[in-house]
Amino acid sequence: MRQMALNRGEGNERRRRRARMTEGCIRIAVEAIHSSPFQAVLHLAGGASQVVGSLLSVPGASNTVLEVVVPYSKMSLIQLLGKIPSQFCSQQTAEDMALLAYNRALKLSTPGSPVVGVGFTGSLASSRPKLGEHRFYMSTRTADQLWISRVTLTKGLRTREEEDRVSSHLLIKAIANACKVPATSVSVLSESDVSDECETQFNEDQQLEQLINGQICFKIYPFANEIPAERKIIMPGSFNPLHDGHLKLMEVATRQCRQTSIISVSDQRSCQAI
């Protein structure tokens with residue numbers, strides 16, 4: 001009996017050491033995220049709630065976090081997506097949430113800053129036993145990349161809080177990867193857990209096609225500091241005739257980007273400098 005108690009004590013101490021190591025890795029990852037130029041919008045449903053505390057508790061969060069939305073009820077998620085999903089916890093739903101978050105980040109971010117949209121949807125342990133799997137999907141979307149991961153947790157192995165902690169740690173790592181910063185971490189998955197991921201890269205033509213199709217609201221072209229201040233702003237339209245609305249639009253664009261040279265382009269094979 002005494003030996004069993006000693007073994008349990010040693011096991012608990014190992015778990016505590018592992019938890020401290022994991023928390024230390026998470027903090028380092030979050031500091032790296034905040035030091036990157038990326039700004040983010042997060043849409044979280046059904047788990048990974050500790051991500052918010054991890055991001056906001058480390059100095060520099062205002063450099064990164066633009067907005068966090070938690071559409072926890074089904075109706076809230078339906079309103080966010082603008083549709084009833086075939087499954088609330090699915091790869092497609094996570095991708096849709098990440099894309100919506102990406103477009104929202106484009107609108108909220110500092111002009112010229114790279115952005116990342118984060119989507120998470122989970123079906124974790126609850127107060128009632130679940131017939132299905134304990135699983136979650138994570139997705140990150142940047143200008144040139146869509147990443148998605150599915151993780152299936154072993155039922156009965158963890159409490160709800162522990163499952164939420166696992167999903168939160170993995171999502172922090174995913175955000176770090178999207179921000180192109182290192183994310184060394186201690187494995188939080190057991191041998192019986194299952195995870196897989198996939199990644200899609202978008203080239204320049206595909207990004208422009210997404211813009212034309214309305215998938216993304218606009219595209220950011222980063223400019224290096226050494227490039228001269230004189231740049232061109234492209235405004236589509238015939239501008240025939242040129243009216244007060246056009247002039248107001250150019251005034252706002254010039255003030256926002258501190259530029260004075262504007263090129264108007266129409267679909268009638270005409271191009272004129274204004």
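Residue numbers start at 1 and run along the sequence shown.
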Side-chain touch Leu99/Ile216, heavy atoms, less than 4.5 angstrom = yes
Report yes if some heavy atom in the side chain of Lys180 is under 4.5 Å from a heavy atom in the side chain of Ser36; otherwise report no.
-> no
Validation row: Leu77, Thr93 side chains within 4.5 angstrom (heavy atoms) = yes
Report yes if the side chains of Trp147 and Met138 come closer than 4.5 Å at any heavy-atom pair, otherwise no.
-> yes
Approximate separation, where rounding is to 0.5 Å, of Ser54 OG and His169 NE2 = 6.0 Å
Compare every heavy atom of Ala48 with every heavy atom of Asp164, then report the nearest pair and how far apart it is.
-> OD1-N, 3.0 Å
Following the transitive rule for hydrophobic clusters with a side-chain heavy-atom cut-off under 4.5 Å over Ile, Leu, Val, Met, Phe, Trp and Tyr, establish whether Ile26 and Phe38 coincide in one cluster.
-> yes
When hydrophobic residues are tied together by side-chain contacts of less than 4.5 Å, even through go-betweens, does Val68 share a cluster with Leu108?
-> no
Using the salt bridge (charged side-chain N to carboxylate O under 4.0 Å, His left out) rule, take Glu31 and Arg27 through it: C-alpha gap first, then chi angles, then the decisive distance, then the call.
-> CA-CA 6 Å; Glu31 289 173 345; Arg27 184 177 180 88; 3.3 Å; yes
Say you draw a straight line from CG of Leu80 to NE2 of His43; how long is it, rounded to the nearest 0.5 Å?
-> 5.0 Å
Gap between atom OG1 of Thr142 and atom CZ of Phe202 - 0.5 Å precision = 8.0 Å
Kindly indicate, with the supporting measurements, whether the criterion side-chain contact (heavy atoms from CB on, under 4.5 Å) is fulfilled by Leu170 and Val188.
-> CA-CA 8 Å; Leu170 292 178; Val188 292; 3.9 Å; yes
Kindly work out whether a path of hydrophobic side-chain contacts (I/L/V/M/F/W/Y, heavy atoms less than 4.5 Å apart) joins Val181 to Leu55.
-> yes
What closest approach, in Å, do Ser168 and Ser49 show between heavy atoms, and which atom pair accounts for it?
-> OG-N, 3.7 Å
Flag side-chain contact, heavy atom, 4.5 Å: Pro85 against Asp96 = no
Return yes if some donor-acceptor pair links the side-chain N/O of Asn63 with the main-chain N/O of Pro37 below 3.5 Å, else return no.
-> no
Is Gln206 atom CD crowded by more than 12 heavy atoms from other residues, nucleotides or ligands, each under 6.0 Å away?
-> yes
Quick one: pull up CD1 in Ile172 and CG in Asn177 and give me the separation to the nearest 0.5 Å.
-> 11.5 Å
Hey, are Glu204 and Lys219 close enough for a salt bridge, meaning a charged N less than 4.0 Å from a carboxylate O?
-> yes
When Leu171, Val118, Leu146 are each screened for side-chain contact (heavy atoms from CB on, under 4.5 Å) with Ser139, the one that passes is Leu146
Can you pull the salt bridge (charged side-chain N to carboxylate O under 4.0 Å, His left out) pairs that have at least one residue in residues 137-151, sequence neighbours excluded?
-> Glu133-Arg150
Look at the side-chain heavy atoms of Ile, Leu, Val, Met, Phe, Trp and Tyr, link any pair under 4.5 Å apart, and say whether Val58 and Val116 land in one connected group.
-> yes
Could you grab the distance from atom OG of Ser167 to atom CG of Leu153, nearest 0.5 Å is fine?
-> 7.5 Å
Where is the tightest heavy-atom contact between Phe136 and Leu124, given as atom of each residue plus distance?
-> CD2-CD2, 3.9 Å
Sub-4.5 Å side-chain heavy-atom contact between Arg158 and Ser190 = yes
Side-chain contact, heavy-atom cut-off 4.5 Å: Cys217 with Lys107?
-> yes
Check whether any side-chain N or O of Lys155 sits under 3.5 Å from a backbone N or O of Lys130 as a donor-acceptor pair, and report yes or no.
-> yes
Do the side chains of Met97 and Ile78 join up, straight or via other hydrophobic residues, at under 4.5 Å, putting them in one cluster?
-> yes
Just wondering, more than 12 heavy atoms not from Asn213 lying within 6.0 Å of its CG?
-> yes
Whichever hydrophobic residues join Ile212 through chains of side-chain contacts under 4.5 Å | none
Determine whether more than 12 heavy atoms belonging to other residues, nucleotides or ligands lie under 6.0 Å from atom CD of Gln201.
-> yes
To the nearest 0.5 Å, how far apart are OH in Tyr137 and CD1 in Ile148?
-> 8.5 Å
Over all atoms of both residues, closest heavy-atom pair of Pro71 and Val69 | CD-O, 3.3 Å
Which pair of non-hydrogen atoms, one from Arg135 and one from Cys89, has the smallest distance, and what is that distance?
-> NH2-O, 3.0 Å
So, Glu163 side chain and Ala125 main chain: donor-acceptor pair closer than 3.5 Å or not?
-> yes
More than 12 heavy atoms of other groups within 6.0 Å of Glu161 CD | no
For side-chain contact (heavy atoms from CB on, under 4.5 Å), just list the numbers for Leu42 and Val52, CA-CA rounded to whole Å, side-chain angles, deciding distance to a tenth of an Å, and then say yes or no.
-> CA-CA 9 Å; Leu42 290 76; Val52 182; 5.7 Å; no
Minimum heavy-atom separation for Glu197 to Ser149, with atom names?
-> CB-CB, 3.9 Å
Report yes if some heavy atom in the side chain of Ile175 is under 4.5 Å from a heavy atom in the side chain of Thr64; otherwise report no.
-> no
